[in-house]
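Hydrogens, waters and symmetry mates are skipped; everything else that's a heavy atom, side chains included, is used. Values in this document were obtained by computation on a predicted structure and should not be read as measured data.
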Amino acid sequence: MRNNSVAVLDIRSSEITAVVGERGVNNTFIIKSKFSCDYDGYAEGELLDAEGFSEAVADVLSSTVASLRGVRSVYVGVPGEFVRVINTDKVVSFPSVKKITPRDCECLAEMSAPYESDEYQTIRHSCLYYVLSDKRKVIDPVGELSDSLQGKFSFYQCKNDFIDILSEVFKKFGSITHINLIPAIHAEGVYLIDPEKRDEYAVLVDLGYISSTYSVVCGNGLAFSESFSVGIGHIAVYLMNELDIPFEVATAFLTMVNLNAKEKLQSREDYLYEGKVYSFPTVLLRDKIREGLDGICETLEECRYSFKEKNLETKPLNITGEGVRVIRGTAEHFSNRLVKNVEIISPKVPYYDKPHFSSLLSLLDTAINDKKSTTYRKLFN
C-alpha cells in the first residue's frame, strides 16, 4: 500500500464499512477500496451477536484491506457505546517563565491520565484547551511564555471486551499486525465542527439506527458525551407494535411520510409486502412517527441537563448520522419540539456530503492526520 494511504474500519450500529483511502486535493479524499456489510448491531454497551459481528468485520476486511498488498495496520473507529469519556484538569508550575515545549504538554497529559480498570483501557486522549499563567486559553501553547501550564483533557477509554473481540478477528489476517483505536465520537466532533465553533462549545448529535450519541465538543476534545440505545430503527419498531404490521412494512412507511407535508385528511399510504397491501391514513402514520421522535427528543433533553459545566440553551443542535434522512422532516420536528435551532451537518466533500458518511470520513480524516505523528497501537503479535 502506498505510504500516504490508510485503512479504516467504521463500525455503525447496523452496518460495518472498511475503506482504504488517502488525502485528495482541497481536503477531499481518494477512496481506493470500500465495502460494507450489515449486521445485528449493538445496544446498552454490548454486541447483540458477537459471532455475527466478528463475521461481518472479517467479511469487510477480506473484501477491502486484505485484498491490497502492503496493508500492515488498520484504524478502527470505536462506537460511543463502547467508550467512556473522562475529563481531567491539571496544572504544572515551572521555576520561572519559560517557553512551553511539546514535552511540557506531554508531561501534563501523563500527569492527567486517569486510572485504567480491568473493564476499560485508555485508547486516546486530547486536550480541550490549555490555560497560561496570564489566564489566556489557547489550543496550542507550544512557543508561548508562561510559568505554569494548565490543561483540560479528554481521555477516551474503551471496553476491554470489545478490544478482545476485535483482536481475535484481526488475528485471522496475518498481514495486519497493528490496529489503532479511534473514538468515533471524538473524530466526528473535531472533523465536522469548525474550530471557531468548538472554541465556544458545540453540541453534536449522531443519530444512528440502533444507537445514538450526544456530545459537547470543546476545543480539540469532548467536554461531555453520552450514548443511548435509541435510534431511527426504534421508531420502526414502535410503528410495528402500534399498527400490528411487519417490521419491513414499518420501515418502508418511515421513508414514505413527510412530516412537513400538508396532505388532505383522506390521504393514505399504501405498501405491498408479500402479496398483501398495507394501507393507513397518512395523518395517522405521521402522528405515530412524531410520537417516536418525541421519545428521542426527551432523551436529548436528559443529556443536555446532565451536562452542567456550561449553559447550552442558546447553542444550536448539530445533527448527523444515517438516521437523519430516513424520515423527511426529522430536523424540523426536533427544532419545534426542543425549541432550538437544529442544523444538519455532514462532510464538506463532493459525493460524500451526506450525514450517513459523517463517521466514515471523520475517521478517515483522523487516520490520515494521525499517520503523520502517531505510533500505531500494537494489540497483538
Which donor-acceptor pairs under 3.5 Å do the side chains of residues 341-355 make with protein atoms, sequence neighbours left out?
{"from": "N341", "atom 1": "ND2", "to": "E343", "atom 2": "OE2", "distance (Å)": "3.2"}
{"from": "S346", "atom 1": "OG", "to": "D353", "atom 2": "O", "distance (Å)": "3.3"}

Side chains of residues 216-230: which donor-acceptor partners sit under 3.5 Å, not counting sequence neighbours?
{"from": "N220", "atom 1": "OD1", "to": "R198", "atom 2": "NH1", "distance (Å)": "3.1"}
{"from": "S225", "atom 1": "OG", "to": "S215", "atom 2": "OG", "distance (Å)": "3.1"}
{"from": "S227", "atom 1": "OG", "to": "G80", "atom 2": "O", "distance (Å)": "3.3"}
{"from": "S227", "atom 1": "OG", "to": "T213", "atom 2": "OG1", "distance (Å)": "2.8"}
{"from": "S229", "atom 1": "OG", "to": "E44", "atom 2": "N", "distance (Å)": "2.6"}
{"from": "S229", "atom 1": "OG", "to": "E81", "atom 2": "OE2", "distance (Å)": "2.7"}

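Within the structure, ring-ring contact (aromatic ring centres under 6.0 Å, His included) contacts touching residues 236-288 (residues at least two apart or in different chains) are F253-F280. Pairs engaging residues 355-365 under the salt bridge (Lys or Arg N to Asp or Glu O under 4.0 Å) rule: R23-D365 [sequence neighbours left out]. Pairs of residues two or more places apart, or lying in two chains, never qualify as ring-ring contact (aromatic ring centres under 6.0 Å, His included) while including a residue from residues 84-122. Applying the salt bridge (Lys or Arg N to Asp or Glu O under 4.0 Å) definition to pairs two or more places apart or across chains, those involving residues 297-323 are R12-E322, K152-E309, E298-R337, E301-R304, R304-E313.
Remark: D104 engages K98 in a salt bridge (Lys or Arg N to Asp or Glu O under 4.0 Å) (not counting sequence neighbours). Qualifying ring pair (Phe, Tyr, Trp, His ring centres under 6.0 Å) partners for F82, counting only residues two or more places apart in sequence or in other chains: Y42, F162. Every salt bridge (Lys or Arg N to Asp or Glu O under 4.0 Å) that R136 has, sequence neighbours left out, goes to D134, E144. Every residue two or more places apart in sequence or in another chain that forms a salt bridge (Lys or Arg N to Asp or Glu O under 4.0 Å) with E110 is listed here: R103. Qualifying salt bridge (Lys or Arg N to Asp or Glu O under 4.0 Å) partners for E46, counting only residues two or more places apart in sequence or in other chains: K159.
Defined by atom type and a distance below 3.5 Å, a donor-acceptor pair is present between the side-chain atoms of R268 and S279.
Using a distance-only test at 3.5 Å, with no hydrogens or angles considered, a donor-acceptor pair links the side chain of S13 to the main chain of I210. Judged by distance alone, the side chain of T122 and the main-chain N or O of R124 form no donor-acceptor pair under 3.5 Å.
Cluster partners of L272 are V277, counting Ile, Leu, Val, Met, Phe, Trp and Tyr whose side-chain heavy atoms approach within less than 4.5 Å, directly or via other members.
Shown here is R290, whose CZ atom has more than 12 heavy atoms of other residues, nucleotides or ligands within 6.0 Å.
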